[in-house]
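Worksheet: one structure, shown below.
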Protein chains: 2
Amino acid sequence: MTIAESSRSSPRGRTPLTSKATLSRIGLELFIERGFDQVTVDDIAEAAGIGRRTFFRYFPSKNDLPWGDFEALLDQLESHLDTVDHEVPLFDALRTAVSEFNRFPGDDHGLHRKRMELLLKNPTLVAHSTIRYEAWRAVIADFAGRRLDKPADHLQPKTIGQICLGISVSAHYEWLEQEDQSLPELIDSGFRLARDVFLR
Amino acid sequence: MTIAESSRSSPRGRTPLTSKATLSRIGLELFIERGFDQVTVDDIAEAAGIGRRTFFRYFPSKNDLPWGDFEALLDQLESHLDTVDHEVPLFDALRTAVSEFNRFPGDDHGLHRKRMELLLKNPTLVAHSTIRYEAWRAVIADFAGRRLDKPADHLQPKTIGQICLGISVSAHYEWLEQEDQSLPELIDSGFRLARDVFLR
DNA sequence: ATAATAGTGGCACTCGGTGCCGAATGGAAG
DNA sequence: CTTCCATTCGGCACCGAGTGCCACTATTAT
């Protein structure tokens, strides 16, 4: 049980039978075991002991399960960027932030790897991820916009968001192939390799 | 009727009732008129005078309709990159290729704009586009890999593919907002603005 | 107890997509 | 002309995701 669950006050009405976190965990287990396409929503609902209809009150779609609480990570990235010293060049601020954003405590490396394997290799999930990526890019674009004193929805900040995401994603793919490499370091390398191209 | 249709030899068996190009056109018209989500596959099949089952022999999914024959454009990009002088720096080769790849003869500007509006604004289509983007990035990564003398599936070429796509996509979004700007010029600007960030 | 409130889940429905199979079509061979 | 063959067509039945509706249930407040 998470802190969010245990510390919630007692509102009126029936207590929920499960939680997003629990469903996400159960779903992820099934997906890893049998493959995303081989698991139906009914399977997940049954495994969680809830009705199929109820599942869709916790998650808008089966595709959203593997992401878990991505919003929380996003808030983390956002608040980290807020604290970056104004003296740090934009490029380095982004490079470091994106890199650190993908450093996870050592305990759940295996699970995170399997989650990313699902998200980056299953076509349905790859497609669905665009929605999450949009929010991610927006955080970067906002920051870049502030730094460059331009609206976040203008060409340069938007492009920077796209580029940072692109670097992050390709580093993730590389990370899945190279068992031994650290993800933050791969992302850092990605930023540097990208710069080389622009400098050449 | 396209050249591809009229010039095809006569194979044995029944002649097809329609073509991918025709279906794509009909679908696009309906999507523009009523919105992607408000048009069912039955609607399209009926409008084309074929059965629903037959529709799925021409296109694997409703989502594939708006793209039309993207493969042809991709081949064009690929062969253009093949002809680029080795003296041209990688950055400039990419900037120019991506930019020119998005210059279209003046006749169907309106239609192309509406198509891109669909593809970039409808969530389902945005998500589905990832599949097409993958092929696009592969062309760029192949080229970059050859230039950098690295396998196309290694970190740097892959990252370059992601970045070029990112620049292209954000330029497209900008283009949809700014009625008057030329798409190739916006892409060119995107590349330059991106470089500025890396140079700082 | 009773009312108010919030979660549950069955039912029926829509829509995209697939497997199966027989019918329709048109060229080639006799 | 007839037969054969390749190929397309499309109906039918089915699956799974996702939704609207509504009655039911558990819990707290009065």
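Each chain gets a letter, A, B and so on, in the order the sequences are listed, and its residues count up from 1.
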Legend entry - A/His112 and A/Phe104 aromatic ring geometry - parallel, tilted or perpendicular at 30°/60° bounds: tilted

Given atom [atom1] of [X] and atom [atom2] of [N], what is their separation to the nearest angstrom?
X: B/Asp42; N: D/dG10; atom1: CG; atom2: P; answer: 13 Å
X: B/Phe59; N: C/dG16; atom1: CZ; atom2: P; answer: 15 Å
X: A/Asp43; N: D/dC15; atom1: CG; atom2: C1'; answer: 13 Å
X: B/Asp64; N: C/dG16; atom1: CG; atom2: P; answer: 13 Å
X: B/Phe56; N: C/dG16; atom1: CZ; atom2: P; answer: 7 Å
X: A/Arg52; N: D/dT19; atom1: CZ; atom2: C1'; answer: 10 Å
X: B/Arg34; N: C/dC15; atom1: CZ; atom2: C1'; answer: 14 Å
X: A/Leu125; N: D/dA17; atom1: CG; atom2: P; answer: 12 Å

Inset, instruction - Mark yes or no: B/Lys62 above the aromatic ring of B/Phe36, with NZ or CZ under 6.0 Å from the six-membered ring centre and no more than 45 degrees from the axis. - result: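 So B/Lys62 does make the cation-pi contact.
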
Of the nucleotides [options], which has the atom closest to the [X] side chain?
X: A/Lys62; options: C/dG16, D/dG18, D/dC9; answer: D/dG18
X: A/Arg12; options: C/dC15, C/dA4, D/dC5; answer: C/dA4
X: B/Arg14; options: C/dG17, C/dG7, D/dT7; answer: D/dT7

Inset, instruction - Give a yes-or-no answer on whether the side chains of B/Asp64 and B/Ser61 include a donor-acceptor pair shorter than 3.5 Å. - result: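 Yes, because at least one side-chain N or O of B/Asp64 sits under 3.5 Å from a partner of the opposite role on B/Ser61.
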
Taking only the side-chain nitrogens and oxygens of [X], find out if one of them lies under 4.0 Å from OP1 or OP2 of [N].
X: A/Thr15; N: D/dT27; result: yes
X: A/Ser61; N: D/dG18; result: yes
X: B/Tyr58; N: D/dT8; result: no

Legend entry - Sugar-phosphate, base or nothing in reach of A/Gly13, heavy atoms under 4.0 Å: base

Inset, instruction - Could you check whether B/Thr54 gets within reach of a base, just the sugar-phosphate, or nothing at all, counting any heavy atom under 4.0 Å? - result: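 The answer is base, as B/Thr54 lies within the cut-off (heavy atoms under 4.0 Å) of a base atom.
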
Inset, instruction - Run the numbers on A/Glu117 and A/Arg113 for salt bridge (Lys or Arg N to Asp or Glu O under 4.0 Å), then give the verdict. - result: CA-CA 6 Å; A/Glu117 193 131 1; A/Arg113 198 184 196 90; 5.1 Å; no

Legend entry - Position toward the 5' end of DNA chain D (nearest nucleotide), A/Phe55 or B/Leu17: B/Leu17

Legend entry - Side-chain-base donor-acceptor pair under 3.5 Å for A/Arg53 and C/dG7: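 Donor-acceptor pair under 3.5 Å: no.
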
Inset, instruction - Can you check whether any acceptor in the base of C/dG9 is under 3.5 Å from a donor in the side chain of A/Arg57, or vice versa? - result: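 Such a pair is found, so the answer is yes.
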
Inset, instruction - Output the distance between atom CG (A/Leu90) and atom CD (A/Gln156), rounded to the nearest 0.5 Å. - result: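 Atom-to-atom, A/Leu90:CG and A/Gln156:CD are 8.0 Å apart.
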
